Amino acid sequence: MVGAAGAGLTAGLAVLVFTARNMLVLIGLALFFAVGLEPAVASLARRGLPRWAAVTAVCAAIAALVGGLIAAAVPPLIAQVTAFRADIPRYATMLNDRSSFLGGLNERFHLQQSLEQALAGGGSSLVSGVFGAGAVVVSAGVVVVLTVYFLGSLPQIRSAFHRLIPRSRRARVARLGDEIATRISGYVLGNLLTSLVATIVTYIWLLIFHVPYALLLAALVGFLDLIPTIGSTLAGVVVCLGAWTVSWPVALATAGYFVVYRLFEDYVLSPKVFSRAVRMSPVATLVAVLLGGALLGIVGALVAIPIAAGVQLVIHEVALPRLDEC
């Protein structure tokens with residue numbers, strides 16, 4: 001009976017985890033962001049601010065920064081979206097012209113037929129798209145709210161977790177936990193910095209060569225660059241397609257720019273930013289990103305590197321010393 005009860009309990013927990021997997025991912029993502037922002041809150045708290053005031057100040061600063069970026073970007077984005085809508089007939093003509101680049105792609109991959117089939121879905125596709133966008137907005141709101149709550153109660157969460165560890169091992173677990181949190185914080189802040197640099201540099205490049213929708217494409221580059229290793233490569237393909245609408249030399253120059261910038265980011269910028277925070281080899285970084293992306297998509301790729309860095313730290317500090325003693 002005890003064995004059957006244990007098996008039933010295990011099966012019930014597995015079903016519960018599988019059913020709530022989406023919410024568990026949101027909770028984990030919010031905790032990830034809270035740990036990343038913890039150094040800023042702790043720095044303000046050390047200067048005499050109460051914890052709630054430090055959390056409020058950090059959240060207000062982030063809200064002001066995001067709001068300022070949105071306010072600065074929305075008018076140009078609206079103008080570029082309007083210009084894109086005006087250019088749709090020209091692009092439609094290019095699709096039917098076999099001598100053009102888009103026409104060649106259309107003839108080979110049947111782009112126009114695929115687009116017509118997507119539009120033929122009618123209201124059901126539109127409704128599903130609206131509900132999908134609404135779900136994304138709700139999920140983002142859940143992550144923001146949970147991040148604020150986790151920031152406010154992170155010391156209590158850490159203390160409660162340490163109470164679950166035997167007294168003889170608490171000091172070591174606390175030290176490892178603080179080191180992992182430091183690596184996560186450095187990774188989050190460093191990733192935001194590298195994405196900001198990618199956005200600014202790409203925007204300047206696109207403006208120089210008069211590539212249309214420069215702000216939209218640069219924003220896409222900054223967003224995808226948050227995904228380590230593979231994000232900027234995917235963004236580069238899209239931007240090169242946009243540059244092809246100007247001329248093929250501009251597209252080739254843009255492709256060369258992305259190759260050079262990729263090398264610069266991988267071997268100059270990222271090592272400077274992440275060398276002290278993550279301390280992982282390029283091979284381990286690539287494998288972690290690929291596995292994280294395969295398991296949890298974009299979220300998995302985003303959190304894969306700090307998780308792998310934490311696992312690597314535990315292996316070096318716990319597993320390897322025990323194996324050396326055997």
Side-chain angles (χ1 to χ4, degrees), residues 20-46 49 51-70 135-161 176-199 219 222-229 231 270 273-274 276-278 280 285 288-289 291-293 295-311 313:
R21 62 189 184 280
N22 293 331
M23 187 55 64
L24 291 177
V25 169
L26 296 181
I27 293 173
L29 192 61
L31 186 60
F32 174 80
F33 288 138
V35 173
L37 296 174
E38 171 63 17
V41 175
S43 177
L44 294 177
R46 285 194 297 269
L49 282 179
R51 178 85 185 179
W52 64 268
V55 172
T56 302
V58 170
C59 293
I62 294 175
L65 177 61
V66 174
L69 292 175
I70 292 176
V136 171
V137 173
V138 171
S139 299
V142 170
V143 171
V144 170
V145 172
L146 288 177
T147 300
V148 174
Y149 276 104
F150 284 150
L151 266 178
S153 56
L154 204 56
Q156 291 83 356
I157 295 174
R158 186 185 292 114
S159 299
F161 174 74
L176 290 176
D178 292 341
E179 178 64 23
I180 292 173
T182 300
R183 294 191 179 191
I184 292 176
S185 302
Y187 170 76
V188 171
L189 297 177
N191 204 13
L192 292 175
L193 177 61
T194 56
S195 296
L196 179 62
V197 171
T199 301
F223 175 74
L224 291 179
D225 194 69
L226 291 173
I227 306 173
T229 304
S270 294
V273 174
F274 296 124
R276 295 183 179 180
V278 181
M280 287 181 59
T285 300
V289 171
L291 290 178
L295 292 174
L296 294 175
I298 294 178
V299 175
L302 179 63
V303 303
I305 292 181
I307 291 177
V311 172
L313 178 64

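Just so you know, residue 1 is the first one in the sequence shown, and it goes up from there. The shown structure was predicted, so the numbers you read here are calculated from the model rather than taken from an experiment.
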Non-hydrogen atoms of [X] and [Y] that approach each other most closely:
| X | Y | result |
| --- | --- | --- |
| Ala34 | Phe150 | CB-CB, 3.6 Å |
| Ala54 | Ala45 | CB-N, 4.2 Å |
| Leu44 | Ala57 | CD1-CB, 3.9 Å |
| Val35 | Pro39 | O-CD, 3.6 Å |

Only residue of Thr147, Leu154, Leu146 satisfying side chain to side chain contact (heavy atoms under 4.5 Å, CB included) with Leu31 is Leu154
TODO: Examine distances only and state if a side-chain atom of Thr194 and a backbone atom of Asn191 form a donor-acceptor pair shorter than 3.5 Å.
DONE: yes
task: Evaluate the side-chain proximity of Leu196 to Leu192: yes if any heavy-atom separation is below 4.5 Å, no if none is.
output: no
